[in-house]
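The structure under discussion appears below in the form of structure tokens.
Here is the naming used below: chain letters follow the sequence lines, and residue numbers restart at 1 for every chain. These figures come from a predicted structure and were not determined experimentally.
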Amino acid sequence: MTSTNLHMYVMMAPLLAAFAVNLLGRVSRAWIGPLSLGALTFSTIGALLTLLRVLHHGAYRYTVGNWQPPFGIELVIDPLSALMLLLVSGVALLATCSALKSVQNELPGREHLFFTLYMILVAGLLGLVLTGDAFNLYVLLEITSITTYGLIAMGSGRAALSSFNYIIMGSIGACFYLLGVGYLYILTGTLNMADIASILPGLNAPAAIATAFAFLLVGLWVKMALFPLHIWLPNAYSQAPTGAGVMIAPLMTKVTIYLMIRVMFSIFSPDYTFFAHAGVQAGIVWAASLAILCASGLALAQRNLRRMLTYILIAEVGYMVGGVWLANGTGMTGAMLHIVNDALMTLCLFLAAAAIIYRTGSLEFDRLHGLYRRMPLTMAAFTVGAFSMIGIPPTCGFFSKWYLLLGAVQAQHWEFVAALLASSLINAVLFFRLFELAYFKPAGEDVPSASQPCGDAPPLLLSPLVLTAVALLVVGLGTGPLIENVIRLALPPGFAP
Amino acid sequence: MEQLLAEIVAKYNYWIYVVLMMIGFYAMIGKRNLVKKLLGMNIFQTAIILFYVSIGVKRGGSIPIVDKHAALSHGIDATQVINPLPHVLMLTAIVVSVSITGVALAILIRIYRQYGTLEEDEILEKIGR
């Protein structure tokens, strides 16, 4: 194994594991755990080595099958994509530990099918992070989407209907993206991102370029559920099987935001994105601020833990879109840092929800009474995740929010400052209400689960949760080196923080 | 008026794709029957496929299969063959669209088993109860 092919192995491991899981999982359930955990551990280590290599030797490009670009498909491994590679494989690894247990509980007899889709989804996400080709990106986007539709439809209750609505909305998003690529192809005659970027500035077709830009962005916004294009997300994510939600919720929206950054800076230039159309940049920051406020407000109305988390997720999408569009280095640093942090916080909270639902069978607020006494470790980790979501130091959520706020002040977008502060306050209200329910209210006689054996979730559910909570603190304390060594290099030239 | 008509006739392939796309879009958003929504999605995707296919066409161009020896000795006149790349891209897009339709149909079967209907209003009514 040469180290230049390493990122290919990172992506191939889950893909090959998907086939193996499907075949051997039919024979015996015992194969599924070791195969999927092994493949993802391999990916995580490979991604870590890739990141170290990029940091030492700089970014590099890789041509698949030795077809030279712009004709062949090119993979781009720069600091940001290497960081995302590590994030995706690491989060997937932790989520898999928990998914193994909850899927065994919720979908007995169908585990091999679940994990086949699950591993293909991970491979698709890793591919999305690496690709440097606009059409290849569309294909991988659809691979991740189709597997997600299947995973969500495996849930119970309204899951099938939610999945169908997601299919309709997701297809609209993907088709818009494809149309945008079509316009770019007419204009430039190439699909390679770097090649498009080198041809575009010399063209004199402002209307066609603007149309392509708008189609690409709106397509991705539908996929990432930026308010008001979010309608499909809460139902789909809250009714998915617990094991699928734990993995989809932290990663799908974050990877799509990474793709938006790619489109903005790798296909178009920062100059074009921010300054070619007057008012667009400010308008999008306004829209993101509104998105944060509305989604936080809707989160207040929810009476189910997982549904509340999905609305917080939509608000966080607003944070990152707004942060990138602030058009200064500080805001972009905050947004990129928030991609990492938000993936970890969402993972932490969803893992805690998975542990709670495994023990008590419900996530309705009035069933959470007395949880601190019954599941102390789970709730301790949940508290760390909640503190990070609110933005209390030294958890990592504080630092990215701090950068976002600084960037907003620098750009003098006071509406974004107000939205960030208001949303932090609302998050505090949301989570302290939960702490009160779970800490002070004693478990009543009417709660049947109170008679169940006390204690935390089984180790397979608990250990990834505790690890994630520790990771939140470690990333929070390591924010300085992370920005200095990785994120600073990922900013487009001229946008130093 | 005449100018507009000339404009439409000159670029009729784009107009057809826009009209088809809007029909599909309307069906996806406006119709309350889930199968009709799915059909709308198919029309929407087909519109984009036609758009891509039409941009590869050249007037008087032949199929892009060339004699190797002739091409090596004389080179290829790019105006004489149509551009095959958009067509090849659309093969992939057709595969994607077929698989999405397959998944959606499977989910529709599940919805029908669960609720006994495919009308969105009736399903929502049943959920509300």
Worksheet item: Looking at the rings of A:Tyr183 and B:Phe51, which for Trp means the six-membered one, are their centres under 6.0 Å apart?
Response: yes
Worksheet item: Considering only heavy atoms, which portion of B:Ile55 lies under 4.5 Å from any heavy atom of chain A: side chain, backbone, both, or neither?
Response: side chain
Worksheet item: chain A heavy atoms under 4.5 Å from B:Tyr14: which part of the residue, side chain, backbone, both or neither?
Response: side chain
Worksheet item: Going through the distances and angles, do B:Glu119 and B:Lys126 end up as a salt bridge (Lys or Arg N to Asp or Glu O under 4.0 Å)?
Response: CA-CA 11 Å; B:Glu119 297 291 332; B:Lys126 288 195 176 173; over 6 Å; no
Discussion item. With a 4.5 angstrom heavy-atom cut-off, is it the side chain or the backbone of B:Leu89 that approaches chain A, or both, or neither?
Written reply: both
Item to complete: Report yes if the distance between the aromatic ring centroids of A:Tyr149 and A:Tyr166 is under 6.0 Å, otherwise no.
Response: yes
Practice prompt. For the residue pair A:His230 and A:Phe227, categorise the inter-ring angle as parallel (less than 30°), tilted (30 to 60°) or perpendicular (more than 60°).
Written response: parallel
Fill in: Top contributor to chain A contacts, counting heavy-atom pairs under 4.5 Å, from B:Ile123, B:Val95, B:Ile100
B:Ile100
Response to the item:
Most heavy-atom pairs under 4.5 Å with chain B, out of A:Ile146, A:Leu179, A:Leu191, A:Val139, belong to A:Leu179
Worksheet item: Where on B:Leu34 is there a heavy atom nearer than 4.5 Å to chain A: the side chain, the backbone, both, or neither?
Response: both
Response to the item:
Honestly, the part of A:Ile143 sitting under 4.5 Å from a heavy atom of chain B is neither
Worksheet item: Should the heavy atoms of other residues, nucleotides or ligands under 6.0 Å from OH of B:Tyr115 be counted, would the total exceed 12?
Response: yes
Worksheet entry | Mutual orientation of the aromatic rings belonging to A:Trp232 and A:Tyr237 [parallel < 30°, tilted 30-60°, perpendicular > 60°] | perpendicular
